Visitor: 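Questions regarding the structure given below will be posed in turn.
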Amino acid sequence: MAEARPASATAAVDLFKLGNYSTKAIRTSNAPKTLFIVTPENEGTYPVLLFLHGYNICPCCYSQLLQHISSHGYIIVAPLFLGVCSLYCRPDIKSAAEVTNWLSSGLQPMLPENVVPNLSRLALAGHSRWGYLAFALALGNANITMDLKFLALIGIDPVAGANKCMKSVPKILTGVPNSFNLDMPMMVIGTGLGGESMIGCIPCSCAPDGLNYAEFFKECKENCLGFVISEYGHTDMLDDDFCNNCLGTSIGKLMGSMCKSGKGDKTLMIECVGGLVVAMLMAQLEGESRELDAIVDNSSIAPVKLEVM
């Protein structure tokens, strides 16, 4: 007879599955940036996550991941950033801050009736190059005052440049452990294949060593959790047909094709990333940390191989 899991572990397993809330996707241009919003449809008041997508990848390419997170009771706001320049990021950092300030007056009218955002419980997350941007925003590089406070920061395979000679600007990585001057709780999620090249012996990867999740985790202070999804790649948390239905993302699609992918079921990867994000949001926005603690204590409850850093 199999040994019964503790209640906290059983609840943590449920975070890797869709939640109990039905969700709705909304697109709007009535904001500083075009937005892709995913929200619960059920009446209620919900915490909010500002999500910054990867380099030239439309937010809607994360539909399955964002729906997974939202189904556990979170409103997700994902601005659209598209452009050829990938290294000079100050304009996009400023735009992300402007979207953050817009939330107070602009988000409520965009939502279904009787769905209310609780902006006192706000978190920030980003993937890939815009995972770097999330850290840069949190570090105060927008050069404008933000009216709202982020209570948690999540980097999903963050990357701070193409290589060590082509770093994103502003250059927030210093190579010094614990150098990020951030007091908020943080989580860094890395991928085991993100640093590997698809082009044989040519050193070209989507998440190069020295600029990827490992460096971000090293430069975070002790209030940071780190996980590595070891058998998957940098874009494996995207929808299977990512970018196929989005205009203006040919660069993102090309970049995605250069990223090494895992051989496992991508749905499980999406569930793993989604569950980790939900666990972090529950812990830091709602004070429910048992599930996150259970994952840290026993990462084998995740749907794919998961390593704790």
Side-chain angles (χ1 to χ4, degrees), residues 32-33 49-57 78-79 81-101 122-191 194-195 205-228 234-235 252 255 259 276-277 280 284 309:
K33 285 285 186 179
L49 173 67
L50 181 66
F51 179 85
L52 309 181
H53 63 79
Y55 173 53
N56 275 308
I57 301 173
F81 301 94
L82 291 179
V84 175
C85 180
S86 64
L87 295 178
Y88 187 72
C89 297
R90 291 191 185 278
D92 287 328
I93 297 169
K94 181 180 178 182
S95 293
E98 290 170 346
V99 170
T100 304
N101 288 341
L122 175 66
L124 174 64
H127 169 234
S128 188
R129 203 70 59 86
W130 269 245
Y132 146 84
L133 192 146
F135 275 85
L137 176 63
L139 286 164
N141 287 283
N143 296 323
I144 63 173
T145 301
M146 287 195 293
D147 303 328
L148 298 172
K149 180 180 179 181
F150 296 113
L151 300 184
L153 172 60
I154 304 169
I156 303 173
D157 222 18
V159 182
N163 55 56
K164 290 185 178 181
C165 296
M166 299 177 64
K167 296 181 179 180
S168 297
V169 178
K171 298 178 181 180
I172 63 172
L173 294 180
T174 64
V176 179
N178 308 314
S179 60
F180 286 157
N181 186 25
L182 292 170
D183 294 327
M184 73 179 75
M186 291 170 280
M187 175 185 284
V188 175
I189 304 171
T191 61
S205 68
C206 289
D209 291 342
L211 299 173
N212 63 12
Y213 74 90
E215 188 63 31
F216 278 84
F217 181 74
K218 183 178 78 173
E219 300 199 21
C220 289
K221 294 184 178 179
E222 292 182 356
N223 55 341
C224 183
L225 289 173
F227 298 93
V228 181
H234 187 64
T235 59
M255 295 296 292
C259 298
L276 290 174
V277 172
M280 183 66 170
Q284 306 306 333
M309 297 177 68

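Since this is a predicted model, take the numbers as computed values, not measurements.
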Visitor: Check whether any side-chain heavy atom of Arg90 sits under 4.5 Å from a side-chain heavy atom of Asn141, and report yes or no.
Guide: yes
Visitor: Between Leu153 and Ala138, what is the shortest heavy-atom contact and its length?
Guide: CD2-CB, 3.9 Å
Visitor: Check whether any side-chain heavy atom of Pro170 lies under 4.5 Å from a side-chain heavy atom of Leu139, and answer yes or no.
Guide: no
Visitor: Looking at CG of Leu52 and CG of Leu133, how far apart are the two atoms once the value is rounded to the nearest 0.5 Å?
Guide: 5.5 Å
Visitor: Just to verify, which of Phe217, Phe216, Phe150, Tyr213 counts as forming a ring-ring contact (aromatic ring centres under 6.0 Å, His included) with Phe135?
Guide: Phe216
Visitor: Under 30°, 30 to 60°, or over 60°: which ring-plane class applies to His53 and Trp130, parallel, tilted or perpendicular?
Guide: parallel
Visitor: What distance separates Phe227 CZ from Met280 CE, expressed to the nearest 0.5 Å?
Guide: 9.0 Å
Visitor: Might you point out which heavy atoms bring Cys220 and Val188 nearest each other, and give the distance in Å?
Guide: SG-CG2, 4.3 Å
Visitor: Side-chain contact, heavy-atom cut-off 4.5 Å: Tyr132 with Leu173?
Guide: no
Visitor: Throw together a table of side-chain donor-acceptor distances under 3.5 angstrom for residues 179-187, partners on residues two or more places apart or in other chains.
Guide:
residue : atom : partner : partner atom : Å
Ser179  : OG   : Thr174  : OG1          : 3.0
Ser179  : OG   : Val176  : O            : 3.0
Ser179  : OG   : Glu219  : OE1          : 2.9

Visitor: Is there side-chain contact between Thr100 and Leu124, with at least one heavy-atom pair below 4.5 Å?
Guide: no
Visitor: Quick check for you: to the nearest 0.5 Å, what is the distance between Ile144 atom CD1 and Lys94 atom NZ?
Guide: 6.5 Å
Visitor: Show the nearest heavy-atom pair for residues Pro177 and Gly175, with the distance to one decimal.
Guide: CD-O, 3.7 Å
Visitor: Any side-chain to backbone donor/acceptor pair from Asn101 onto Thr145? Under 3.5 Å, distance only.
Guide: yes
Visitor: Examine distances only and state if a side-chain atom of His127 and a backbone atom of Thr235 form a donor-acceptor pair shorter than 3.5 Å.
Guide: no
Visitor: Counting heavy atoms not belonging to Lys221, are there more than 12 under 6.0 Å from its NZ?
Guide: yes
Visitor: My understanding is that only residues two or more places apart in sequence, or in another chain, count here; which of them pass side-chain contact (heavy atoms from CB on, under 4.5 Å) with Ala78?
Guide: Phe36, Phe51, Pro59, Leu66
Visitor: Please find the pair of heavy atoms, one from Met309 and one from Ala214, that lie closest to each other, and give the distance.
Guide: CE-CA, 4.3 Å
Visitor: Looking at Ser128 and Gly54, what are the two nearest heavy atoms and their distance?
Guide: CB-CA, 3.9 Å
Visitor: Please round to the nearest 0.5 Å and tell me the distance separating atom CG of Leu148 and atom CG of Leu50.
Guide: 10.0 Å
Visitor: Quick one: does His234's side chain get under 4.5 Å of Asn212's, heavy atoms only?
Guide: no
Visitor: What heavy-atom pair brings Ala134 and Ala125 nearest, and what distance separates the two atoms?
Guide: CB-C, 4.2 Å
Visitor: Nearest 0.5 Å please: distance from the CD atom of Gln284 over to the CG atom of Asn223.
Guide: 9.0 Å
